[in-house]
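If you read the sequence from its start, that first residue is 1, and numbering goes on from there. All figures in this text were calculated on a predicted structure; none of them were measured in a lab.
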Amino acid sequence: GLSQRTRGMKFLQDNRSLVIGSQDSFVRVIDAWSGDVKQQFPVIVSEVYGFDINSQETLCAVGHWNRRTAIYDLRTGASLCELPIGEKRVDGLAFTPDGTTLAVCNNNFGVTLWDVASSQVVGQLTTTAGPWAVAFSPDGSTAYVTTYNGTLEVFDVRTRERLHVMKGHPRLIPGLALSRDGATIATGGEDGFVRLWDAAPMRPLASFSPSAAEVVSLAFTSNTDRIAAGVANFELVMYDLPADSRLVDAHKQRFIRRK
């Protein structure tokens, strides 16, 4: 099984392949039901923190403890480019849905927006505290950012205006995932809890705890019927989300990987 923290992960559209970035500086594609490793490639030698796959499933962006960010060809593992070093480690990052912009949480009070083609800064989202994770709505108009202070902050991407600040967890929120339809947000905290949010009115739906350990990463399946949670004690846990009852607590289904 895995013997490293899994700080970044995302399901591919086949609903079975789960791409993960780990403490040992590798990106792996695993079968989410069997746990078998289907593909792997090394990245910069520093723990993976930020992680995302573009919607075309061709590029993999990886951010590291040592403040470096690189973009890789997901099919071959080849390094394509590296972005300039930021003010702090890259806790989180995300492609916009069209794949043209990469949001990187590597500044003390903001998310830097990079043009993927030119590797130039095109904007910033200013947060109330140090940003940890970022995700975009399916149409790219809204960005969701979690912080070290336990807030979930919502931004208008075009105007860069902060629209909402929600207190989701008592401490930092490393885990963040958005369902493919944009209707449900999941946050995972240092407090060991996963919380589900209704994105439209920004209200809490449910909460559950996969472990007493910090929840470091989250990923929805493409049809939002399951969510995977990576936990700091090296567990990777799958939860079933009943289609007709997102308002009730999810339940643990199976361990994908366990030390």
Side-chain angles (χ1 to χ4, degrees), residues 2-13 17-30 32 37-107 111-121 130-136 143-146 173-178 188 215-220 228-230 232 234 236 257:
L2 297 180
S3 59
Q4 306 286 337
R5 282 191 296 267
T6 302
R7 289 199 175 271
M9 59 181 165
K10 189 168 185 178
F11 275 99
L12 299 184
Q13 293 180 26
S17 299
L18 184 64
V19 188
I20 63 175
S22 300
Q23 183 184 15
D24 63 355
S25 304
F26 268 81
V27 169
R28 294 179 175 88
V29 182
I30 67 171
V37 177
K38 301 165 61 177
Q39 175 192 354
Q40 66 178 20
F41 56 87
V43 291
I44 292 169
V45 182
S46 177
E47 181 172 358
V48 173
Y49 268 71
F51 182 84
D52 197 24
I53 305 295
N54 69 347
S55 59
Q56 296 78 22
E57 299 184 350
T58 57
L59 301 179
C60 174
V62 183
H64 296 270
W65 170 273
N66 65 1
R67 300 185 295 151
R68 294 169 67 184
T69 302
I71 298 176
Y72 297 85
D73 186 311
L74 181 61
R75 296 160 296 188
T76 66
S79 177
L80 301 178
C81 69
E82 185 172 342
L83 300 180
I85 292 175
E87 297 174 350
K88 70 177 185 68
R89 73 185 182 204
V90 184
D91 289 316
L93 48 75
F95 286 102
T96 52
D98 63 8
T100 61
T101 305
L102 182 66
V104 181
C105 299
N106 65 347
N107 287 326
V111 178
T112 306
L113 303 177
W114 294 87
D115 178 77
V116 172
S118 66
S119 297
Q120 297 296 312
V121 175
W132 189 287
V134 57
F136 290 96
Y144 303 90
V145 184
T146 64
I173 307 175
L176 174 65
L178 193 67
V215 178
V216 296
S217 55
L218 294 166
F220 284 102
F234 311 144
L236 197 54
R257 287 275 182 166

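No side-chain heavy atom of Phe95 sits under 4.5 Å from any side-chain heavy atom of Phe136. Residues Thr146 and Trp132 form a side-chain contact, since some pair of their non-hydrogen atoms from C-beta on lies under 4.5 Å apart. Side-chain contact between Val116 and Thr100: absent, with no pair of heavy atoms (C-beta onward) separated by less than 4.5 Å. Val19 is listed as a side-chain neighbour of Phe51, based on a closest heavy-atom distance under 4.5 Å. The shortest side-chain heavy-atom distance between Leu83 and Ser119 falls under the 4.5 Å cut-off. Contact annotation: the side chain of Thr58 never approaches that of Leu74 to less than 4.5 Å [non-hydrogen atoms, C-beta and beyond]. Considering only heavy atoms from C-beta on, Asn107 comes within 4.5 Å of Glu87 through its side chain. Taking the side chain as every heavy atom from C-beta outward, Ile30 and Leu236 approach each other to under 4.5 Å.
Closest non-hydrogen pair, Leu18 versus Ala32, comes out as CB-CB, 4.3 Å. Heavy atoms only, all atoms of each residue included: Gly86 and Asn106 are closest at CA-ND2, 3.4 Å. Residue Ala94 comes nearest to Ala135 through the heavy atom pair CB-CA, 4.2 Å, listed as atom of the first residue, atom of the second, then distance. The minimum heavy-atom distance linking Cys105 with Val111 is given by the pair SG-CG2, 3.9 Å. Here the closest heavy-atom approach between residue Val62 and residue His64 is recorded as CG1-NE2, 3.4 Å. Summarising the geometry of Pro84 relative to Trp114, their closest heavy-atom pair is CD-CH2, 3.4 Å, with the distance given to 0.1 Å.
Partners of Glu82 according to the salt bridge (charged side-chain N to carboxylate O under 4.0 Å, His left out) rule, which considers only residues two or more places apart in sequence or in another chain, are Arg68. With sequence neighbours excluded, no residue forms a salt bridge (charged side-chain N to carboxylate O under 4.0 Å, His left out) with Lys38. Under the rule for a salt bridge (charged side-chain N to carboxylate O under 4.0 Å, His left out), the partners of Asp73 that lie at least two apart in sequence or sit in another chain are Arg75. Gln40 pairs by the side-chain hydrogen bond (donor to acceptor under 3.5 Å, both in side chains) definition with Arg28, not counting sequence neighbours. Remark: Ser118 engages Asp115 in a side-chain hydrogen bond (donor to acceptor under 3.5 Å, both in side chains) (not counting sequence neighbours). Residues satisfying the side-chain hydrogen bond (donor to acceptor under 3.5 Å, both in side chains) test with Asp52, not counting sequence neighbours, are Lys10.
Within the 3.5 Å criterion, the main-chain N or O of Thr101 finds a donor-acceptor partner in the side chain of Thr96. At distances below 3.5 Å, not a single donor-acceptor pair connects side-chain atoms of Gln56 with backbone N or O atoms of Gly99.
One distance of note links CG of Leu176 with OH of Tyr144; it measures 10.0 Å at 0.5 Å rounding. Distance check: Thr69 OG1 to Arg67 CZ gives 10.5 Å after rounding to the nearest 0.5 Å. Here the straight-line distance linking atom CD of Gln23 with atom OH of Tyr49 works out to 8.0 Å at 0.5 Å rounding. Atom CD1 of residue Ile53 and atom OG of residue Ser17 lie 11.0 Å apart, to the nearest 0.5 angstrom.
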Q.
The test is side-chain contact (heavy atoms from CB on, under 4.5 Å); show your working for Ile44 and Tyr72 and say whether it passes.
A. CA-CA 11 Å; Ile44 292 169; Tyr72 297 85; 3.6 Å; yes
